[in-house]
Amino acid sequence: MAAAPQGDMSSRTFRISLFAVLALAALLRGVFPVADPPWETTVGVVWHDEGAWVHNARNKVLFGAWSQDAWNPMYVAPVFTALEYGAFRTLGVGLWQARVVPEILGWLSVLLLALGVARTAGRRAGLIAGALLATNYVYVMWNRAAMMEGPMTAFIVAAWYCYGRAESAPRWAWAAAAFALLAFFTKAAAAFFVVAIGLDALLTLAFGSQGRPLLRRAAVLTLAALTACGTLWLAFFVAPNWTDYQFYNWQMSVTRKPSYSVGALAYRITALPVLHDLFTRMWFTLAIGVVAALGLLGRWRSGSAAERLLGWWVALGALELIVHDVGNERRFVFFIPALIALAAIVLGRDRVLLPAAIASIPRSRALLALPLIAYATYIVCASIIRVGFLYQISPNVRGAAVAAALLTALVYATWPRVPRWLSVAGWTPRAGIILGLAVAGGQLVQYGQWVAGRTSRNYEASIRLGRALPAGTLVHGKLANGLSLENRIRPVFVGHGFGNFDDRRSREDVRYILTYVAPRVGYEGSQIIDVLDAYPHRTIIMTFDVAETATGHDRAALIDKFGGIPGGSQPMTDREND
């Protein structure tokens, strides 16, 4: 463990303060357990995805078998599926029960990030990290959603914490590897982090462990643990289910979605910071965290294992998004703890933006980092410039590119005066705490705005659906999954090119369809239009208010596919007033 900064807070003060932070974290994640995710100012949570991703766990508890149709996300997210099954088996099937898993794991990630930063940079920095993660609005909302991104990120935090401890107690490397692979099998997007741990251990073994036997042993154990844990996963899960695993994790998730052309990669590079609100919502933390990550370049060998891994976390995570996809805000959630940890180290321990070693680097060597510095500057600039042109790509890209070019040119033209000034112009320990609390307070304001306007339309619609349809009724569509957690229907998911797609037009055994009618028919995906077109005599039985888009006037409809056919089944009637 790194030595605590001089004048750091006492152990007793840290424990009491951390207890208060954890209590707040639990409150923010636990109150209003069935409220809709933010829709007026969205954070990227799509409400009907909750039911879709817990589909197999719900099947097993209610109907006795994991697989009931051709949509089996257990092969995408086996760890998440197992945890949701445990929650349903213990607490019953329902919306709040599904959300318990990410809520608990999100709360644990606050604890582990605070403890990990405290070990690395002192208690003050650890407390700031815990407070920022406990209150981060986007992170809280993803911890409240029964989807994989929150649990995946929590396992990444746990792996990072254990890897930091392995530097002084190598046996922790086994836990670090296990948690990293749990993150990967919660969602394969965590592959970058498995690579990050392995790469740092390999480089440490090759270049950074001379004369440091403990560090060398930790690196060896990390590589051995990754190999052993990975082999066990391959032998007991991947290999026995290879056909399904390969389909869901390669054909469906990799080859089906992104384009890998030069133009597509260029688009993702430039659009990464301007498409979504996440970086803008936490801009102060982003700016400090990015500068701190660049500062690691000047003290890579002297930095702790935990700090190095934070750098790899951010860098390789951004690379994975650029290669794969930046179009969904959910893919950015894993950045939040890493940026918070980097910012907290600066605010609570360093109390300067850059280490003094940066200023001693000659300009000729500093130019080697030009691409990284220019792109990091672009991300910081774009995340704030986009406020003037929300959700417009071209103006934000052009404006941010100009600002980043000017700022980068200024840094190199004045080298080393700017980094020297940033390495000596510091602040007091109290100022660091105040800044951290101010940022946390701003996040609580966003949470308060959500509380004031919260709804529970999706939960209420699910209950109404259960009153209208008998248990075991087959219902077509993604929205059938989304509205299945407070009833006992049997949803038949229809994906775009997968998941009951091939026979979507000929399922005569499925009488009902659930789909949007506002903001437009088939809003959840064009594939549902194919189902609707195959049954021209369909009849709307009832409609439900749901909450998805910022209009606040979304509606779903339960449709009888056979309504109006002479001699066919008579359509149901809605006994409730809409």
Side-chain angles (χ1 to χ4, degrees), residues 35-53 55 71 145 147 256-257 275-277 325 327-330 390-393 453-462 464-465 468-469 474-485 489 491-501 503-505 507 510-564 571-572 574 576-578:
D36 301 324
W39 48 270
E40 188 171 8
T41 54
T42 180
V43 296
V45 177
V46 177
W47 70 269
H48 56 255
D49 279 354
E50 290 184 285
W53 287 108
H55 182 58
W71 166 236
M147 294 171 65
R256 185 179 67 92
K257 288 186 177 180
L275 283 175
H276 309 295
D277 297 333
D325 180 26
N328 293 294
E329 193 165 3
R330 66 177 181 266
L390 281 177
Y391 314 121
Q392 298 181 51
I393 305 299
R454 76 186 186 282
T455 59
S456 56
R457 295 172 188 167
N458 306 321
Y459 169 77
E460 293 160 4
S462 184
R464 285 189 59 205
L465 183 64
L469 295 181
L474 292 170
V475 185
H476 245 145
K478 278 187 181 181
L479 263 62
N481 290 89
L483 293 176
S484 69
L485 288 172
I489 67 168
V492 180
F493 180 93
V494 183
H496 191 69
F498 66 96
N500 307 294
F501 179 79
D503 62 356
R504 66 197 182 282
R505 295 172 175 269
R507 288 294 299 268
V510 184
R511 177 178 175 180
Y512 299 104
I513 308 170
L514 264 170
T515 185
Y516 281 103
V517 290
R520 65 176 182 273
V521 175
Y523 174 75
E524 69 273 31
S526 60
Q527 63 273 19
I528 202 69
I529 301 296
D530 295 339
V531 182
L532 294 172
D533 289 346
Y535 298 93
H537 301 288
R538 62 189 180 273
T539 300
I540 292 179
I541 304 302
M542 61 190 301
T543 60
F544 313 88
D545 288 326
V546 292
E548 172 63 15
T549 69
T551 65
H553 300 290
D554 304 316
R555 289 183 75 75
L558 177 65
I559 297 171
D560 187 333
K561 292 157 66 171
F562 309 118
M572 295 178 49
D574 180 13
E576 300 181 55
N577 293 323
D578 287 333

*Asks:* Which atom names give the shortest non-hydrogen contact between A550 and E40, and what distance separates them?
*Replies:* CB-O, 3.7 Å
*Asks:* Give the C-alpha distance, both sets of side-chain angles, the deciding distance and a yes or no for side-chain contact (heavy atoms from CB on, under 4.5 Å) between I528 and L479.
*Replies:* CA-CA 10 Å; I528 202 69; L479 263 62; over 6 Å; no
*Asks:* Could you check L514 against L465 for side-chain contact (heavy atoms from CB on, under 4.5 Å), going step by step and ending with a plain yes or no?
*Replies:* CA-CA 10 Å; L514 264 170; L465 183 64; 3.5 Å; yes
*Asks:* Which value, rounded to the nearest 0.5 Å, describes the distance between L532 atom CG and R538 atom CZ?
*Replies:* 5.0 Å
*Asks:* Can you find a pair of side-chain heavy atoms, one from V531 and one from F501, that are under 4.5 Å apart?
*Replies:* no
*Asks:* Check the orientation of W71 and W53. Use parallel for under 30°, tilted for 30 to 60°, and perpendicular for over 60°.
*Replies:* perpendicular
*Asks:* Just grab all the salt bridge (charged side-chain N to carboxylate O under 4.0 Å, His left out) pairs involving residues 528-537, residues at least two apart or on different chains.
*Replies:* R504-D530, R505-D530
*Asks:* Could you give the distance from CZ (R464) to CG (L469), rounded to the nearest 0.5 Å?
*Replies:* 11.5 Å
*Asks:* So, for G522 and I529, which heavy atoms are closest and what is the spacing to 0.1 Å?
*Replies:* CA-CD1, 3.9 Å
*Asks:* Could you tell me the separation between the CD1 atom of I559 and the OG1 atom of T515, rounded to the nearest 0.5 Å?
*Replies:* 6.0 Å
*Asks:* Looking at every non-hydrogen atom in both residues, tell me the closest pair between V546 and A461 and how far apart they are.
*Replies:* CG1-CB, 4.3 Å
*Asks:* If you measure from CD1 on I513 to CD1 on I541, what distance do you get to the nearest 0.5 Å?
*Replies:* 11.0 Å
*Asks:* Please check this pair: side chain of N328 against backbone of R330, looking for a donor-acceptor N/O pair closer than 3.5 Å.
*Replies:* no
*Asks:* Under the 3.5 angstrom rule, does the side chain of R457 hit a backbone N or O of E548 as a donor-acceptor pair?
*Replies:* no
*Asks:* Could you tell me if the side chain of W47 sits less than 4.5 Å from the side chain of Y459, heavy atoms only?
*Replies:* no
*Asks:* Would you say that Y523 contacts T549 through its side chain, given a criterion of any heavy-atom pair below 4.5 Å between the two side chains?
*Replies:* yes
*Asks:* In sequence, state the C-alpha distance, the side-chain angles, and the governing distance for F544 and V517, and then conclude on side-chain contact (heavy atoms from CB on, under 4.5 Å).
*Replies:* CA-CA 10 Å; F544 313 88; V517 290; over 6 Å; no
*Asks:* Working to the nearest 0.5 angstrom, can you tell me the gap between T539 OG1 and L558 CG?
*Replies:* 11.0 Å
*Asks:* Look only at the side chain of K478 and the backbone of A52, and say whether a donor-acceptor pair between them is shorter than 3.5 Å.
*Replies:* no
*Asks:* Closest approach of S526 and H496, non-hydrogen atoms and distance?
*Replies:* OG-CE1, 3.6 Å
*Asks:* Just do the side-chain contact (heavy atoms from CB on, under 4.5 Å) check on W39 and T455 with the steps written out, would you?
*Replies:* CA-CA 9 Å; W39 48 270; T455 59; 3.1 Å; yes
*Asks:* Is D560 paired with R511 through a side-chain N to carboxylate O contact shorter than 4.0 Å?
*Replies:* yes
*Asks:* Do you know which two heavy atoms are closest between A547 and D36, and how far apart they sit?
*Replies:* CB-OD2, 3.4 Å
*Asks:* Of all the heavy-atom pairs spanning I393 and L275, show the shortest one and how long it is.
*Replies:* CD1-CD2, 3.1 Å
*Asks:* CZ of R507 to NZ of K561: how many Å apart, nearest 0.5 Å?
*Replies:* 7.5 Å
